[in-house]
Amino acid sequence: MDAKAGVYKVADLKLAREGERLIEWAESRMPVLDALRVKYKKTKPLKGYRIAGCLHVTKETAVLVKAFVDAGARVSWSGCNPLSTNDAVAAALAKSGVSIFAWHGMNVKEFYWCIEQTLKMHPNLTLDDGADLIFTIHNDHPEFAQKYVIGGTEETTTGVHRLRAMAAAGKLNYPVIAVNDAETKWDFDNVYGTGQSTLDGILRSTSVLLAGKNVVVAGYGHCGKGVASRAKGLGSNVIVTEIKPTAALKATLEGHRVMKMDEAAKVGDVFITATGVRDVITARHFESMKDGAIVCNTGHYDCEINIDDLERMAKSKRTIRKDNEEYLLRGGRRIYVLAKGRLVNLAAAEGHPSEVMDMSFANQFMSQLRLAELDKKGKRLANTVHDIPPEQDQEIARVKLSTMKIKVDRLSKEQKRYITDYSSGT
Ligand code: ADE
């Protein structure tokens with residue numbers, strides 16, 4: 001073990017130099033988070049706080065972890081998906097002294113073992129992407145909520161949905177800030193981040209031409225919307241499947257065809273699930289797919305495509321290229337599954353670009369800081385899911401714009417008066 005390193009388990013510490021260069025690259029594209037890091041490095045407002053994180057180990061996440069460390073926190077980390085860890089980044093973090101338990105390709109048992117290791121430092125703050133860390137604390141260490149944890153943050157839509165359900169049932173034992181619901185998170189990360197990184201994952205694992213292909217996007221939430229718009233930009237004929245009337249209508253007016261998955265299955269060339277729901281593509285859809293259809297998922301969990309169904313239907317299976325498995329069905333049709341049905345953008349590519357993660361992680365940093373600052377004043381948020389303050393969104397957007405050298409107008413006094421005046425009409 002390296003002299004400076006904390007307790008860790010990563011694939012190969014020798015990859016640390018490569019990881020450091022990747023982190024440096026991300027850092028140079030994350031000016032908002034970096035400004036926070038520089039600002040709080042002096043005052044160390046997180047001194048005495050122990051943050052356990054369970055979030056994809058990427059170069060962008062490493063920039064966030066560095067900001068926490070520079071602000072005085074002790075950090076312990078695991079990845080939130082068995083296939084999303086960048087081993088070089090994990091090695092660099094381990095070498096820098098962070099307690100990290102993450103490697104690419106771990107199994108589910110190892111996944112929970114890693115979370116357990118991060119809990120050994122008895123965190124008082126948690127940071128999740130998908131809420132697995134919070135669930136582990138609630139299920140296996142319920143006393144942590146009383147003894148140590150003052151609050152947590154959640155990064156993703158799926159996690160926030162589940163935590164809101166938990167709070168509604170009165171089962172959430174500490175406050176959680178819904179970072180996902182910040183405008184400077186979902187309106188950028190979920191839309192442009194998922195849009196670009198999902199296509200990046202598909203292209204790295206297939207290198208297919210997307211122009212002229214029927215690309216079926218299941219789910220037209222923020223992520224689906226981003227994927228559909230980027231696929232359309234590359235010349236694909238986008239087909240959207242939905243359950244929500246307003247979302248289906250939006251997709252239609254955006255120029256996409258909307259139909260049921262049963263119909264889409266017959267004509268699609270590439271299928272991308274982005275719903276947050278299980279069994280979106282099952283046996284009956286595989287039955288009607290064309291020979292050569294490509295199937296992948298960009299939702300948080302790997303249950304959107306029923307791979308067990310496909311395994312049962314297949315005569316044989318082989319890896320045709322990295323992150324791309326060919327299932328040969330009886331009758332001779334071939335179906336290609338990318339990244340085993342796990343998040344294709346992180347498992348087969350590098351996740352969202354640094355430029356959007358900059359704002360998501362600035363929100364994470366400020367939310368963790370908010371929980372610590374309240375604690376220092378002897379205060380604590382209620383045990384439910386909280387939105388970020390609207391001023392935080394505007395501040396992050398303002399700083400981001402200034403780093404892009406973009407200036408915006410200001411309301412004059414007369415304009416301010418006009419928009420609040422209800423005394424005059426036409
Ligand atoms: N989620 C999606 N993209 C990500 C990234 N680059 N880093 C961490 N989490 C992510």
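Read the numbers this way: they start at 1 and go in the same order the structure lists the ligands and their atoms.
Cation-pi geometry between Arg29 and Trp25 is satisfied (NZ or CZ under 6.0 Å from the ring centre, within 45° of the ring normal).
The protein heavy-atom contact nearest to atom 10 (C) of ligand 1 is Met357 CE, 3.6 Å. For atom 3 (N) of ligand 1, the closest non-hydrogen atom of the protein is His352 N, 2.8 Å.
Which parts of ligand 1 touch Phe361 is read off a 4.0 Å heavy-atom cut-off, strictly below it: atoms 8 (C). Listed by atom number, the atoms of ligand 1 under 4.0 Å from Thr61 heavy atoms are 7 (N), 8 (C). Every atom of ligand 1 with a heavy atom of Thr58 under 4.0 Å away is listed here by number and element: 5 (C), 6 (N), 7 (N), 8 (C). Within the listing of ligand 1, atoms 3 (N), 6 (N) sit less than 4.0 angstrom from a heavy atom of Gly351.
With respect to Lys185, the side chain to side chain donor-acceptor pair (under 3.5 Å) criterion is satisfied by exactly one of Asn363, Asn190, Thr157: Asn190.
Classified by interplanar angle (parallel below 30°, tilted 30° to 60°, perpendicular above 60°), the ring pair His122/Phe144 is perpendicular.
Within the set His56, Gln364, Glu60, the minimum heavy-atom distance to atom 6 (N) of ligand 1 is found for Glu60.
With sequence neighbours left out, the side chain to side chain contact (heavy atoms under 4.5 Å, CB included) criterion links Glu350 to Lys59, Arg204.
The shell of residues lying under 4.0 angstrom from ligand 1, judged by heavy atoms, includes Glu350.
The environment of Gln196 atom CD is sparse: at most 12 non-hydrogen atoms of other residues, nucleotides or ligands sit within 6.0 angstrom.
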